[in-house]
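Here is the structure we will look at, set down as structure tokens.
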Amino acid sequence: MAEQVRITTPLTEAAARSLKAGDSVLITGTIYTGRDAAHKRLIETLDRGEPLPVDFAGQIIYYVGPSPAKPGQPIGSAGPTTSGRMDAYTPKMLDQGLKGMIGKGYRTAEVVEAMKKHGAVYFAATGGAAALIAKSIKKYEIIAYEDLGTEAISKLTVEDFPAIVVIDSEGRNYYEEGQKPYRRL
């Protein structure tokens, strides 16, 4: 197994562009959460010409709907959700300076082209490992759209959050490249 790459947030464009599809990373710093309902509201805010509740420049957003925390813990299980539900909104989020997204599943060609344009990276978190992932989350704070419940925008303080670079800033896709050696003609 290749060595894990340690990255910190905010993520600079140079750091994002240095990551390659297939890299295993450990993320430390702040990441934000938000799913489709929050993304819809963010884009409606932009369409009205109003400022977003978070400056997403250089930030990473995790598509997650956490479960309630047990006593003494900041968050419950925190596994990734299907990223495709955010695809309609993602190019506009990348226009705002977003440098990374964490989720699971494929992205559209439009999202990949926007990532290449803005030097952004798409990470996958391992589905089914939500309790393990939650151990890397040290602090959880809702910062916008609290009425959306688990879909609210929240700020996570993470230490060694494990993820894999699935699509890099050049558009290389590890889901596709990783399958090639096992395909039969």
Side-chain angles (χ1 to χ4, degrees), residues 2-35 38-39 42 45-46 51-66 69 73-81 83 86 89-104 107 111-112 114-127 129-130 132-145 150-172 174:
E3 188 173 321
Q4 291 181 307
V5 179
R6 292 186 179 276
I7 60 174
T8 57
T9 61
L11 195 58
T12 65
E13 185 166 337
R17 288 192 183 277
S18 74
L19 297 171
K20 301 302 174 202
D23 282 350
S24 174
V25 300
L26 295 172
I27 304 167
T28 296
T30 297
I31 60 176
Y32 292 90
T33 71
R35 291 180 16 190
H39 276 71
L42 289 168
T45 300
L46 287 173
L52 295 179
V54 173
D55 179 2
F56 285 100
Q59 301 302 327
I60 295 174
I61 194 164
Y62 182 26
Y63 308 140
V64 61
Q73 297 181 348
I75 195 168
S77 295
T81 194
S83 303
M86 272 56 72
Y89 313 110
T90 299
K92 284 189 176 183
M93 293 298 293
L94 293 169
D95 288 344
Q96 297 302 305
L98 186 69
K99 286 293 172 221
M101 301 149 287
I102 305 170
K104 65 179 182 182
R107 307 307 300 262
V111 169
V112 174
M115 290 172 54
K116 290 163 62 177
K117 175 182 173 186
H118 294 289
V121 179
Y122 172 51
F123 304 95
T126 303
L132 182 63
I133 289 170
K135 290 182 178 180
S136 68
I137 300 170
K138 306 304 178 192
K139 186 176 178 186
Y140 170 77
E141 175 187 8
I142 294 175
I143 58 170
Y145 312 149
T150 59
E151 291 203 38
I153 304 285
S154 63
K155 180 179 176 181
L156 304 178
T157 301
V158 299
E159 183 178 319
D160 292 339
F161 182 103
I164 303 289
V165 177
V166 175
I167 302 174
D168 64 26
S169 63
E170 297 173 358
R172 292 181 51 219
Y174 189 63

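Just so we're clear, the structure is a prediction, and the values are computed from it rather than from any experiment. Heavy atoms only: backbone and side chains are in, while hydrogens, waters and symmetry mates are out.
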Note to self: Using side-chain contact (heavy atoms from CB on, under 4.5 Å), reason through F161 and I102 one step at a time and then give a plain yes or no.
What the structure shows: CA-CA 11 Å; F161 182 103; I102 305 170; 3.8 Å; yes
Checklist line | Step-by-step side-chain contact (heavy atoms from CB on, under 4.5 Å) determination, I61 to M86 | finding: CA-CA 11 Å; I61 194 164; M86 272 56 72; over 6 Å; no
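No side-chain donor-acceptor contact under 3.5 Å links S24 to the backbone of Q4. S83 places a side-chain N or O within 3.5 Å of a backbone atom of K104 that can act as its donor or acceptor partner. In terms of modelled atom types and a separation under 3.5 Å, the side chain of Y62 and the main chain of L156 share no donor-acceptor contact.
One distance of note links OG1 of T12 with NZ of K99; it measures 9.0 Å at 0.5 Å rounding. The distance from atom CG of D168 to atom CZ of F123, rounded to the nearest 0.5 Å, is 10.5 Å. Summarising the geometry, atom CD1 belonging to I7 is positioned 5.5 Å from atom CG belonging to L19; distances are rounded to the nearest 0.5 Å. To the nearest 0.5 angstrom, S136 atom OG is 7.0 Å from I31 atom CD1. Remark: L11 CG to R17 CZ distance equals 11.5 Å, nearest 0.5 Å.
Between I133 and P80 there is a side-chain heavy-atom pair separated by less than 4.5 Å. The side-chain heavy atoms of L52 and T45, taken from C-beta on, include a pair separated by under 4.5 Å. Counting heavy atoms from C-beta on, the side chains of P162 and L26 come closer than 4.5 Å. Side-chain contact between Q96 and L42 is absent, with no heavy-atom pair separated by less than 4.5 Å.
Within 6.0 Å of OH in Y174 there are 12 or fewer heavy atoms belonging to other residues, nucleotides or ligands. Within a 6.0 Å sphere centred on NZ of K138, heavy atoms belonging to other residues, nucleotides or ligands number more than 12. Within 6.0 Å of atom NZ in K20, more than 12 heavy atoms from other residues, nucleotides or ligands are found, so the atom counts as buried in its surroundings.
Ring-plane geometry between Y63 and H39 is classed as perpendicular, the angle between the planes exceeding 60 degrees on a 0 to 90 degree scale with a lower cut at 30.
Of all heavy-atom pairs spanning I153 and A38, the tightest one is CD1-CB, 3.7 Å. Shown here for R35 and T150, the closest heavy-atom pair between the two residues is NH1-OG1, 4.5 Å. When all heavy atoms are compared, the tightest approach of S169 to A16 is OG-O, 4.2 Å. Residue K139 comes nearest to P74 through the heavy atom pair CA-CB, 4.0 Å, listed as atom of the first residue, atom of the second, then distance. In terms of heavy-atom proximity, G76 sits nearest to A134 at O-CB, 3.2 Å. Scanning all heavy atoms of the two residues, the minimum distance from H118 to D95 falls at NE2-OD1, 2.8 Å.
No hydrogens or angles considered: nothing links the side chains of T30 and T9 as a donor-acceptor pair under 3.5 Å. A donor-acceptor contact under 3.5 angstrom links the side chains of R107 and T90, judged on distance only.
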